[in-house]
Amino acid sequence: MPKRYTVTAALPYTNGPIHIGHLAGVYVPADIYTRYLRCQGKDVLFICGSDEHGVAISLKAKKEGKTPQEIIDKYDLIIRDSFEKFGIAFDNYSRTSREIHYETAQEIFKNLEAKSVFELKESEQLFDEEAQQFLADRFVTGTCPICSHPEAYGDQCESCGSSLNATELIDPKSTISGGKPALKSTKHWYLPLNRYEDFIKNWILEGHKKDWKPNVYGQVKSWVDNGLQPRAVTRDLDWGIPVPVIGGEGKVLYVWFDAPIGYISSTKEWAQQNGTDWEPYWKDKETQLVHFIGKDNIVFHCIIFPIILHANGHYILPENVPANEFLNLEGQKISTSKNWAVWLHEYLEEFPDQQDVLRYVLTANAPETKDNDFTWDEFQARNNNELVAIFGNFINRVVVLTHKYYDGKVPKSENLTDFDKAVLEEMALLPQKIGQAIEQYRFREASQTLMQLARLGNKYLADSEPWKLIKTDPQRVTTIMHTALQIAAGLSILCEPILPFTAEKLTKMLCLNSKKLSWDSVSDASTLINAGHQIGEAYLLFQKIEDEQMEQQRKKLEVSVAENKIESLKVAPLKPKTTYENFSSLDLKVATIIAAEKVSKTKKLMQLTVDLGEENRTVVSGIAQDFNPNDLIGKKVTLLTNLHPRTLKGIESNGMILLGENTEGNFVFVNPENKDAKTGLSIH
RNA sequence: CGCGAGGUAGAGCAGUGGUAGCUCGUCGGGCUCAUAACCCGAAGGUCGCAGGUUCGAGUCCUGCCCUCGCUACCA
């Protein structure tokens with residue numbers, strides 16, 4: 001049994017507000033976990049903060065003509081507010097832009113440098129003279145050296161899927177200034193992950209085979225099996241924490257080096273504010289450390305950060321890293337840029353005082369083992385059929401009956417029948433059952449077990465029928481209502497981790513002193529609420545959600561899509577001038593598609609047979625994501641016939657069909673008379 | 001043959017060798033204290049496909065198929 005718990009939730013990145021995906025994947029489960037531990041009287045520290053460095057923030061600032069500081073201040077405020085209003089009860093929520101974090105991160109870096117952990121490497125990188133900046137990964141585009149796609153990124157070509165180095169690109173171009181970057185040599189600090197392979201193997205692959213989630217374990221195993229590589233932990237940027245050692249001038253720490261250290265600096269900040277010592281929470285072996293994250297963070301929390309701590313010495317390692325999968329919205333990936341999301345700050349305005357509904361729905365349908373889908377239909381159904389009909393209704397029945405028969409005073413329990421006893425015994429099992437589910441990070445199960453108690457209550461009332469007996473055997477009714485009230489009180493305690501706002505309302509309604517009743521007291525149900533105790537008036541814990549409200553939400557998403565289309569009308573920049581000879585060398589013909597078939601085992605490739613009049617040709621085209629084979633047959637397209645043949649997945653492709661590509665990256669057929677072909681559409 | 005996770009009733013999930021289960025939805029019935037809520041019953045499954053191991057396979061092995069992720073400013 002650990003002496004204390006340090007629980008962290010992934011630091012949200014402050015380049016936008018947070019949405020239901022963040023809540024479902026990380027913050028609600030972490031909050032349930034810590035609330036439960038507190039109900040058990042454990043020493044728990046729940047830590048989080050804003051992650052405020054990295055390329056994306058400086059990029060966003062440049063785009064909006066603001067300073068990075070303005071960006072992070074804005075979103076830190078919004079995010080902080082959303083958390084507070086959703087009852088995510090952090091002990092401390094810090095920021096990585098604070099001084100205490102700079103000190104902490106730099107100290108760890110210096111310590112590793114002193115221990116000669118890092119390797120220094122010099123390499124040639126692309127440099128934008130105009131912007132006076134090195135161009136990493138996505139800051140540069142150019143022609144793919146493998147498939148000649150003209151707009152490959154510095155790290156990857158989306159056309160052929162090859163993974164690239166920015167320096168391999170033919171004719172590279174800066175996405176910042178549009179200029180042609182030069183090669184310049186630069187020096188960086190590398191964390192040699194490869195030297196710690198055995199450490200990770202022993203710790204995770206040997207030590208946590210059984211107790212870690214399969215997705216997390218599998219991901220780590222995959223990384224280790226492929227061989228860990230040294231990883232640069234510094235960057236040539238002006239936004240971030242300065243590299244605090246000689247030769248580090250003008251460089252900053254890689255955001256993924258400093259961000260997880262934010263957990264530690266946030267703990268220090270908390271300790272300072274509370275006049276206590278932070279170190280036991282990170283260095284005492286009797287502390288259980290748990291990181292709640294999304295699956296995209298697995299490598300950082302299971303490999304890189306633990307290696308940093310291990311190399312530094314003294315620090316404890318996480319006992320578990322219960323990473324969740326992703327949540328989709330109405331069948332599509334949640335996307336910040338496409339505004340395909342339910343934003344928490346907007347939900348709070350549109351569904352006032354209904355935080356618990358969202359908490360419940362996201363818990364009941366949490367993406368624990370695979371990606372899940374959030375739909376407004378399900379949201380409505382879970383609210384109306386479960387929270388309202390089962391939970392809220394049970395409470396309402398009990399409280400209304402108690403007022404009707406006994407003026408709101410808890411009646412005496414006389415002789416418990418075997419049936420009463422069986423019901424109470426069933427309730428007695430639940431604290432442990434829910435607790436076990438939570439301790440094993442099975443929050444879906446915990447939420448269902450909680451609802452079992454409300455169901456049990458409804459069934460108890462239906463089976464014992466106090467409204468009938470009140471006419472024939474009023475004495476028996478006192479026992480029934482006493483028992484039902486115990487169940488209501490049990491609910492008020494056991495729902496606290498998942499539905500904290502409801503717990504508070506219910507505690508008030510029953511006039512209970514929440515501090516007196518512990519989690520385990522529910523197992524001894526006879527004492528939860530005593531005879532003679534006066535309870536408060538009934539009011540509804542949950543409101544029905546009507547169809548119109550859901551319709552509005554769905555419409556709102558449609559509007560996002562429409563706005564996004566307007567965005568996509570923006571015209572791609574013009575290419576450099578070319579010659580007539582170049583143009584006339586192209587042989588363009590009209591062709592009719594006569595057969596189309598998806599190439600198996602690929603995402604994008606479609607095998608087409610086209611009729612050119614004199615001959616049929618086979619063309620392989622990367623359009624399978626945007627079209628169905630059946631819709632293509634019979635279509636007329638422009639075919640570039642004299643392109644060199646290329647073999648893709650063993651099929652020789654003879655030519656290329658010309659399609660429009662809008663700025664979302666979706667292909668459309670080119671027919672200038674067609675509605676879909678907006679003015680300025682790119683053809684290639 | 002890149003790697004990882006998933007594929008079980010209309011939907012969402014549990015079930016790691018021994019009679020296929022839970023919640024929601026659907027249909028039928030009961031009840032009327034309650035937010036037309038609650039309770040009971042029924043229908044609904046070739047457990048992705050094909051082989052194999054076993055007395056016995058949703059569960060173990062092999063091959064294949066599909067979805068998602070690793071790969072977009074997203075957890």
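A, B, ... follow the sequence lines: proteins, then strands. Residue 1 opens every chain.
- Looking at residues two or more places apart in sequence or on another chain, you find a side-chain hydrogen bond (donor to acceptor under 3.5 Å, both in side chains) between A/Lys295 and A/Glu325, A/Asp371.
- Legend: residues meeting salt bridge (Lys or Arg N to Asp or Glu O under 4.0 Å) with A/Lys74, ordered by chain and number and at least two apart, are absent.
- Atom-to-atom, CG of A/Asn297 to P of B/rU71 comes out at 12 Å; the value is rounded to the nearest Å.
- A salt bridge does not link A/Arg554 to A/Asp547: none of the charged side-chain nitrogens sits closer than 4.0 Å to a carboxylate oxygen.
- Searching all strands for a Watson-Crick or G-U wobble partner of B/rU71 with both distances below 3.5 Å returns nothing.
- In this structure, B/rA57 makes no Watson-Crick or G-U wobble pair, since no nucleotide meets both defining distances under 3.5 angstrom.
- Side-chain N/O atoms of A/Arg382 include none lying less than 4.0 angstrom from OP1 or OP2 on B/rC24.
- Listed by chain and number, the residues in a salt bridge (Lys or Arg N to Asp or Glu O under 4.0 Å) with A/Lys213 amount to none (sequence neighbours excluded).
- Partners of A/Phe394 by ring-ring contact (aromatic ring centres under 6.0 Å, His included), not counting sequence neighbours: none found.
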Measure all distances between protein nitrogen or oxygen atoms and nitrogen or oxygen atoms of nucleotides 4-9 of chain B, and list the pairs falling under 3.5 Å.
residue, atom, partner, partner atom, Å
B/rA5, O2', A/Thr369, O, 3.2

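- Across the strands present, B/rA50 finds its partner in B/rU62; the criterion is a Watson-Crick or G-U wobble pair with both atom distances under 3.5 angstrom.
- Residues satisfying the side-chain hydrogen bond (donor to acceptor under 3.5 Å, both in side chains) test with A/Glu378, not counting sequence neighbours, are A/Asn365, A/Arg382.
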| remark: Heavy-atom contacts, protein to nucleotides 32-42 of chain B, under 4.0 Å, summarised as B (base), S (sugar-phosphate only) or - (none) per nt, yield SBBB-SSSS--
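- By the side-chain hydrogen bond (donor to acceptor under 3.5 Å, both in side chains) test, A/Tyr405 pairs with no residue at all, sequence neighbours left out.
- Residues satisfying the side-chain hydrogen bond (donor to acceptor under 3.5 Å, both in side chains) test with A/Arg442, not counting sequence neighbours, are A/Glu445.
- Summarising the geometry, the separation between CG on A/Asp371 and P on B/rC74 is reported as 17 Å, rounded to the nearest angstrom.
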